[in-house]
Amino acid sequence: MDPARLHLNVVDRSIDPSLAIARQTYPDHIPANSVWEMVDGILERVRGARSADGATGVVIGFLRIVAHGNIGVQYMGDSHTTSNQRQMMTVDANGHLMNRGTLLQLRGYFGSGAIVELHGCHAGGGPWGQQLVRELEGLWGVRVRASAATQYFSTPGLDYI
């Protein structure tokens with residue numbers, strides 16, 4: 001029997017009118033103000049579903065992360081104004097994924113064929129965005145999609161790389 005597949009939405013908790021639209025669009029979202037809080041929230045949701053299921057037969061089938069972005073950066077929190085490294089998913093100048101150890105905790109929770117979408121403006125843009133996508137795909141063993149375009153938080157399926 002195939003495991004149950006969760007469809008999860010994480011939305012940045014920062015105070016921003018555009019993110020308020022996302023919170024309304026995805027009312028069951030996991031709120032987060034940092035990459036660490038995001039991972040904890042995702043793990044709590046999956047473990048809760050597994051407890052309710054009575055087994056480990058629950059996996060992530062789809063994960064949407066909605067927050068601000070920039071070329072090659074998916075923010076989570078106010079880092080787009082504060083540059084707090086705990087609030088960024090990006091690849092540094094040496095090619096290392098920031099917050100890798102924290103993000104690694106999600107490995108093994110994704111189901112076969114799972115998809116992750118980064119809904120941050122321009123997060124998939126340029127060589128840095130492509131590197132971010134590759135790093136996350138390698139870390140989690142899933143397909144990761146991100147756009148080089150401006151994102152509108154309630155609009156699914158934009159031009160992902």
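Computed from a predicted model, the values in this text were never measured in an experiment.
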> Rounded to the nearest 0.5 Å, what's the gap from CZ on Arg145 to CG on Leu136? Could you check?
14.5 Å

> For Tyr109, which residues count as a ring-ring contact (aromatic ring centres under 6.0 Å, His included) partner, sequence neighbours excluded?
none

> For the CZ atom of Arg45 and the CG atom of Leu8, what is their distance to the nearest 0.5 Å?
6.5 Å

> Considering only heavy atoms from C-beta outward, does the side chain of Glu37 approach that of Arg86 to under 4.5 Å?
no

> Mark yes or no for whether Arg50, through its side chain, and Val58, through its backbone, hold a donor-acceptor pair below 3.5 Å.
yes

> For residues Ile60 and Val116, determine if any side-chain heavy atom of one lies less than 4.5 Å from a side-chain heavy atom of the other.
no

> Nearest heavy-atom pair of Ala32 and Val10: which atoms, and what distance?
CB-CG1, 4.1 Å

> Give me the one residue out of Gln74, His119, Arg23 that meets side chain to side chain contact (heavy atoms under 4.5 Å, CB included) with Val66.
His119

> Testing the basics here: between Gly72 and Thr90, what is the closest heavy-atom pair and its distance to 0.1 Å?
O-OG1, 2.8 Å

> Using 0.5 Å steps for rounding, measure from the CG atom of Asp92 to the CH2 atom of Trp128.
7.0 Å

> Could you tell me the separation between the CE atom of Met76 and the OG atom of Ser34, rounded to the nearest 0.5 Å?
8.5 Å

> Backbone N or O of Ser112 within a donor-acceptor pair of the Arg5 side chain at under 3.5 Å?
yes

> With the 4.5 Å side-chain cut-off for hydrophobic clustering, are Ile115 and Leu63 part of the same group?
no

> Quick one: pull up CD1 in Ile65 and CE in Met38 and give me the separation to the nearest 0.5 Å.
4.0 Å

> Can you get from Val144 to Leu139 by hopping between Ile, Leu, Val, Met, Phe, Trp and Tyr side chains that sit under 4.5 Å apart?
yes

> Dump the intermediate steps for side chain to side chain contact (heavy atoms under 4.5 Å, CB included) on Arg143 and Glu137, then the final yes or no.
CA-CA 6 Å; Arg143 172 78 170 106; Glu137 286 179 335; 3.2 Å; yes

> When you compare the side chain of Val35 with that of Met98, does any pair of heavy atoms fall below 4.5 Å?
no

> Restricting to side-chain hydrogen bond (donor to acceptor under 3.5 Å, both in side chains), what partner residues turn up for Asn70, sequence neighbours left out?
none

> Please report the shortest heavy-atom distance between Gly125 and Ala148, naming the atom on each side.
CA-CB, 3.7 Å

> Please determine which of Leu97, Ile71, Val73 meets the side chain to side chain contact (heavy atoms under 4.5 Å, CB included) test together with Leu132.
Leu97

> For Gly141 versus Arg107, what's the shortest heavy-atom pair and its separation?
N-NH1, 3.6 Å

> Please answer whether the main-chain N or O of His96 pairs with a side-chain N or O of Glu135 as donor and acceptor at a distance below 3.5 Å.
no

> Of the non-hydrogen atoms in Val11 and Ala22, which two are nearest, and what is the gap between them?
CG1-CB, 3.9 Å

> Taking C-beta and beyond as the side chain, do Glu117 and Phe62 meet within less than 4.5 Å on heavy atoms?
yes

> Does the Asn99 side chain pair with the main chain of Gln85, one donor and one acceptor, at a distance under 3.5 Å?
yes

> I need the Gln105 CD to Ile42 CD1 distance, nearest 0.5 Å.
10.5 Å

> Using a 6.0 Å cut-off, check whether atom CD of Glu44 has over 12 heavy atoms from anything other than its own residue.
no

